[in-house]
Amino acid sequence: MPPLDHVAAPATTAPLRQIRQLPGPFALPIIGNALQVKLPRIHRDVEGWVRHYGPYVRAWFGRTLVLVVADSEAVAAVLRDRPDGFRRPLSSYIVSEEMGGNPGLFLAEGTQWRNQRRMVMAGMAPGAIKAYFPALVTVAQRLQRRWHLAATQGQAIGLDGDLKRYTVDIIAGLAFGTAVNTLESGEDVIQRHLDAILPAVARRSLSMLPYWRYFKLPVDRRLDRDVAALDVAVADLVRQARARLERDPARRVRPPNLLEAMIAAADEPDSGVDDRAVAGNVLTMLLAGEDTTANTLSWMIYLLQRHPPTLAKAREEVRRLAPDVAHFTLAQMDSLDYLGACASEAMRLKPVAPYIPLEALRDTVVGDVAVPAGSLLWCVMRHDSVSDAHFPDAQAFQPERWLEDSSEANNKRAAMPFGAGVRTCPGRYLALLEIKIAMAMLLGSFDIAGVDTPDGGEAQELMGFVMSPIGLTMRLARPQ
């Protein structure tokens, strides 16, 4: 057996534990713990195991042995050991390939990942985002007009749909150089198909029986149609970009958007990137630009409405420093420290990625547990981040804890909404800017009359490809 690589070194010299020896829920033959979890709330079910058994848990997903890791230091060490020591599970890659797509940067590994990462990081760098800032404000103004109409007519606003339109319009313009206006045109073909495809990827990745390889249910045939339609839409985006490059070859030297940069890179000799990788990253950018940021905004609006003093403080900051969306500047967005703290606190309590599944590429050690190559890990991202041992009064929504003068007792490293290590989300800067612009527009232009759930109780979490609130609606009024 080759030497073990220590991802998170044991605190003592005690013998290493084996995954099978760890505490965990009782497992049945063949199906393991499958009956003890439900896919729409699997993140909460696994979090419950951690609370009961501790930060290292043994679980069986069917016949597959899984190491559940919830210790934030160990999780961070594992994430920093990507892409060399850990990768996304091979099953996720296979599911993506079966559905006819290239996985793009999100699931790419090794050399393929490094080639694509260089392209994507260039397009998502703060300098590129800053140059695109006026277009972000234009999209926010569309959202303002849409919400003004709803407020005037006394209509409830479905947060999920409107915020996804907002984020899709932004990412399409930034990444693809194409003016997409789903907020006002009502044309949401890309969004509609993504909404069908992403949950299917999550469902199939966690399925014990890949039945769709042998026969297809009506839901699988609908999925095939959604995939085909999205392929057509993505191919059209690529075709438009290639046409622009042919009309103006100077664009290859300094590509004005991410898609044209990817095409130019793919056309270089020995680039290691082909058109399939370009198309895969188009889908990756759409994914990153839609569900993750939109759901964070929904959770943030919900939490602010439930805490009136905090909402009032955020609203006062916006109306003092950035009162008019028509005249937003980057300096104004940078000055909204409290609003940024509200976003960080919302992501701590309601991370859109509450777990990350990984596969070990070599024999290693996590904490005091020996992890053989090929082992599956379930990294719990919301455990220490909501523990009083790391954040005083951890269950409370307190944005002040993220400000520079906050108590040292807050272990901010325990919250990792964008991951850790070299595979930290490349869209972090864009996402935070999108959040600030949308929230500043909302708080500066309207008073929030109410945020409602379907049953009138607390917002329920739904785990699909990411974690979203179920059925939030918002009522707005013009400020008095």
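Each residue takes its place number in the sequence, starting with 1. Hydrogens, waters and symmetry mates play no part in the numbers below; they use all other heavy atoms, side chains included.
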> Going through the distances and angles, do Asp447 and Arg319 end up as a salt bridge (charged side-chain N to carboxylate O under 4.0 Å, His left out)?
Replying inline: CA-CA 12 Å; Asp447 288 333; Arg319 295 183 182 180; 3.0 Å; yes

Look at [X] together with [Y] and state whether they make a salt bridge at an N to O cut-off of under 4.0 Å.
X	Y	answer
Lys216	Asp224	yes
Lys350	Glu461	yes
Glu345	Arg401	yes
Arg165	Asp169	no
Glu316	Lys313	no

> Please walk me through it: do Val78 and Val69 pass side chain to side chain contact (heavy atoms under 4.5 Å, CB included)?
Replying inline: CA-CA 10 Å; Val78 167; Val69 183; 5.7 Å; no

Validation: residues 450-460 side-chain donor-acceptor distances under 3.5 Å, sequence neighbours left out:
| from | atom 1 | to | atom 2 | distance (Å) |
| --- | --- | --- | --- | --- |
| Asp452 | OD1 | Arg475 | NH2 | 3.3 |
| Asp452 | OD2 | Arg475 | NE | 2.8 |
| Asp452 | OD2 | Arg475 | NH2 | 3.4 |
| Thr453 | OG1 | Asp455 | OD1 | 3.3 |
| Thr453 | OG1 | Gly456 | N | 3.1 |
| Thr453 | OG1 | Gly457 | N | 3.1 |
| Thr453 | OG1 | Gly457 | O | 2.8 |
| Asp455 | OD1 | Gly457 | N | 2.9 |
| Gln460 | NE2 | Glu458 | O | 3.1 |

Within the 4.5 Å heavy-atom criterion, are [X] and [Y] side-chain neighbours or not?
X	Y	answer
Val66	Leu377	no
Met441	Trp147	yes
Thr167	Thr292	no
Asn295	Asp160	yes
Val68	Val46	yes
Leu245	Ile263	yes
Met467	Leu462	no
Ile448	Leu476	yes

>> Evaluate Asn410 against Arg348 for side chain to side chain contact (heavy atoms under 4.5 Å, CB included), listing each step before the verdict.
In response: CA-CA 12 Å; Asn410 292 305; Arg348 180 183 71 85; over 6 Å; no

Quick one: does any side-chain atom of [X] pair with a main-chain N or O of [Y] as donor and acceptor, under 3.5 Å?
X	Y	result
Thr152	His148	yes
Ser445	Leu442	no
Asp81	Ala77	no

Just how far is it from atom [atom1] of [X] to atom [atom2] of [Y], taken to the nearest 0.5 Å?
X	Y	atom1	atom2	answer
Ile157	Leu149	CD1	CG	9.5 Å
Thr310	Leu303	OG1	CG	9.5 Å
Glu434	Ile170	CD	CD1	4.0 Å
Gln398	Cys342	CD	SG	12.0 Å
Ser468	Leu159	OG	CG	12.0 Å
Thr296	Asp291	OG1	CG	10.0 Å

Just to verify, what does [X] make a side-chain hydrogen bond (donor to acceptor under 3.5 Å, both in side chains) with, not counting sequence neighbours?
X	value
Arg221	none
Gln153	Gln155
Arg315	none
His390	Asp384, Asn411

Name all residues meeting the side-chain contact (heavy atoms from CB on, under 4.5 Å) criterion together with [X]; count only those two or more places apart in sequence or in a different chain, and write none if there are none.
X	result
Leu433	Ile129, Phe133, Leu136, Leu330, Met333, Tyr429, Ile437
Ala341	Pro399, Trp402, Leu403
Pro134	none
Asn33	Pro25, Ala27, Gln36, Trp49, Ala59, Trp60

Provide the closest heavy-atom pair for [X] versus [Y] in the form atom of the first, atom of the second, distance.
X	Y	result
Leu339	Leu443	CD1-CD1, 4.0 Å
Leu349	Ala394	CD2-O, 3.6 Å
Ala326	Gln141	CA-NE2, 3.5 Å
Ser385	Phe391	O-CD1, 3.4 Å

> What residues, two or more places apart in sequence or in another chain, satisfy ring pair (Phe, Tyr, Trp, His ring centres under 6.0 Å) together with Tyr355?
Replying inline: Trp378

> With sequence neighbours left out, what residues match His307 under ring pair (Phe, Tyr, Trp, His ring centres under 6.0 Å)?
Replying inline: Phe397

> side chain to side chain contact (heavy atoms under 4.5 Å, CB included) between Val352 and Thr293: does it pass, once the steps are laid out?
Replying inline: CA-CA 9 Å; Val352 294; Thr293 305; over 6 Å; no

> Do Arg88 and Glu359 pass the salt bridge (charged side-chain N to carboxylate O under 4.0 Å, His left out) test, and can you show the C-alpha distance, the side-chain angles, and the key distance before you say yes or no?
Replying inline: CA-CA 6 Å; Arg88 290 274 180 177; Glu359 179 180 333; over 6 Å; no

> Can you check side chain to side chain contact (heavy atoms under 4.5 Å, CB included) on Arg41 and Lys38, steps first, answer last?
Replying inline: CA-CA 6 Å; Arg41 53 162 295 136; Lys38 298 183 184 301; 4.0 Å; yes

>> Consider side-chain contact (heavy atoms from CB on, under 4.5 Å). Of Pro417, Ser72, Pro351, which one does Arg382 pass it with?
In response: Pro351

>> Listing request: all side-chain hydrogen bond (donor to acceptor under 3.5 Å, both in side chains) pairs with a residue in residues 330-344, at least two apart in sequence or in separate chains.
In response: Tyr338-Glu400

> Would you say Arg413 has more than 12 foreign heavy atoms packed within less than 6.0 Å of its CZ?
Replying inline: no

